[in-house]
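Structure first, then comments.
Convention: sequence-line order gives letters A, B, ...; per-chain numbering from 1.
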2 protein chains.
Amino acid sequence: MSLPLHERIRADIEGQILSGTLAPGDRIPTEHALMAEHGCSRMTVNKALSSLAAARLIDRRKRAGSFVAHPRLHAMILDVPDLPQEVLARGQCYEYRLLTRKVKPSKPAQDKLFDVGPGRVLEVSGIHLADGRPLAVEHRQVSLESVPSIEDAAFDRDPPGTWLLRHVPWTEAETRISASAADSRTAALLQVQPGAPLLQIERRTWRGDDPITAVRQSFLGSGYDLFARFNATESAKR
Amino acid sequence: MSLPLHERIRADIEGQILSGTLAPGDRIPTEHALMAEHGCSRMTVNKALSSLAAARLIDRRKRAGSFVAHPRLHAMILDVPDLPQEVLARGQCYEYRLLTRKVKPSKPAQDKLFDVGPGRVLEVSGIHLADGRPLAVEHRQVSLESVPSIEDAAFDRDPPGTWLLRHVPWTEAETRISASAADSRTAALLQVQPGAPLLQIERRTWRGDDPITAVRQSFLGSGYDLFARFNATESAKR
DNA sequence: AAATATTTGTACGTATGTATA
DNA sequence: TTATACATACGTACAAATATT
């Protein structure tokens, strides 16, 4: 195989950090020492160390040297699911049922937590079904100022989330995850008893400063899990 | 201010991508073109483009050139909270109450979903309280093979999560988030009615191949939200 | 308090290797 | 096959920050 030299150097040090041979706070050899050790130029060592610094495995301070970073506040990658894909991946049959779809005119003030700006807004509600059984209800608003082309989409078959995923890249997003008891209307839509536990996901996304969409999805507690897997060393490589 | 040149070049291109001036699939000027445009060396241009590639904003292909990446499957950074910090940040008073603490001897087979390996295991259960009111119950197992030093910690005041956060870096983690109804035991501990909605977080972490800990936290649905904020351009800088 | 030495940061120019349209 | 464009690596130089003297 034979990795590039700077990656081998990186892997070498990374291994020592992850195995505990180098503990948090320990000093990494200087670039000069490493270039002697590996018989290479400083640029090459620098690339390896820069990469480790970018991955936040080490801290670098001028004059002082490079040190194994103290374990950072834990963070994980949470995939923002495309529901049709998720359901199909589980071997189930996916279906979307549109409930309501309307264009709301500009309004000065709106619900604080569910606001996609002052302009015209497309409001879509629907149900996601897996194997014919309700999985989640979704209420979504999309800014027609930011995404005018979405007004042509019907959403009688595909959910708006899938359309947005394919057409509009976002740069910023906020997600709130909580558990709540089903109110009577939601319970009826999901065909469960009122009070049944729901996993609720609220998300707002922006492109730069322009709001794109705000969505609230209420999942059947018994039918859906969010799952995240994170590998600290794969996250910020290269 | 005056950023380093390679960061200015990066910011320049990044701005064009995020604003839509450069759309997914569009070609970025070659390194040679950019080095002429900015009047700098290829190394400098290369550093800027490599950084964009690491952030997955562009794809680089030999001979073909560099292209604006198609929006990847959306992912968000989910902070794994340190509960004491979170609660204090909300201006509430945090308290931890130990329920049980025992060392379990090696057992050949264990619960599949809640398993930290074959060796000796520390098992700790406790309640997190905010302003004196129950917020979550936690059941945790820690591998004493991987983290022998934790046997000396009492956990009568600080939760094991905080201890682990400070002492043991992890490299891999899995998190599962779901909503469920409180069983009678948990309901009693949290002082709610059985059947109340709970936000349940299950997490297992490893250091390399060694399991470190497995934890199940059940949060009062009404008292806790998980919150994630993600900025596509801040995520993989440098 | 100031000077010095050390270490990282940035950037230059050059050279060669490698994948591929 | 060939030319292109990125990938890796060399060596050098100077700047910036900061521990130590």
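- Secondary-structure stems of DNA chain C, taken as three or more successive Watson-Crick or G-U wobble pairs (i with j, i+1 with j-1) under a 3.5 Å distance threshold, comprise C:2-21 with D:2-21.
- The side chain of Thr30(B) contributes no N or O atom lying less than 4.0 Å from OP1 or OP2 of dT4(D).
- When all heavy atoms are compared, the tightest approach of Ser66(A) to Arg60(A) is OG-NE, 3.1 Å.
- Side-chain contact of Ser125(B) with His139(B): a donor-acceptor pair under 3.5 Å is present, judged by distance alone.
- Residue Arg27(A) is in sugar-phosphate contact alone, with no base atom involved, counting any heavy-atom pair closer than 4.0 Å across all strands shown.
- Taking atom CG on Asn46(B) and atom C1' on dA11(C), their separation rounds to 13 Å, with Å as the unit.
- Using a 4.0 Å heavy-atom cutoff across all strands shown, Leu5(A) reaches sugar-phosphate atoms only and no base atom.
- Contact of Arg61(A) with dA17(D) (side chain to base): no donor-acceptor pair of N or O atoms is detected under 3.5 Å.
- Of the candidates dT18(D), dT20(C), dT8(C), dT18(D) carries the atom nearest the Arg63(A) side chain, counting heavy atoms from C-beta on.
- A residue-by-residue look at Ala64(A) and Arg42(B) shows that Arg42(B) has its nearest nucleotide of DNA chain D further toward the 5' end.
- Within the structure, a side-chain polar atom (N or O) of Lys47(B) is placed less than 4.0 Å from OP1 or OP2 of dT10(C).
- Leu164(B) is listed as a side-chain neighbour of Arg140(B), based on a closest heavy-atom distance under 4.5 Å.
- Straight-line distance from the CD1 atom of Ile58(B) to the C1' atom of dA5(D): 13 Å, rounded to whole Å.
- Comparing dA19(D), dC6(D), dA11(C) by their nearest atom to the side chain of Met43(A) picks out dA11(C).
- The NZ atom of Lys62(A) sits 15 Å away from the P atom of dT7(C) (whole-angstrom rounding).
- At least one side-chain nitrogen or oxygen of Thr44(A) sits closer than 4.0 Å to the OP1 or OP2 atom of dC10(D).
- For dG9(C), one of the phosphate oxygens OP1 or OP2 lies less than 4.0 angstrom from a side-chain nitrogen or oxygen of Arg60(A).
- Remark: Ser41(A) is not in phosphate contact with dT12(D), judged by side-chain N or O atoms under 4.0 Å from OP1 or OP2.
- Listed pair His6(A) / dA9(D) meets the phosphate criterion, a side-chain N or O lying under 4.0 Å from OP1 or OP2.
- For the pair Leu3(B) CG and dA16(D) P, the interatomic distance rounds to 14 Å; values are reported in whole Å.
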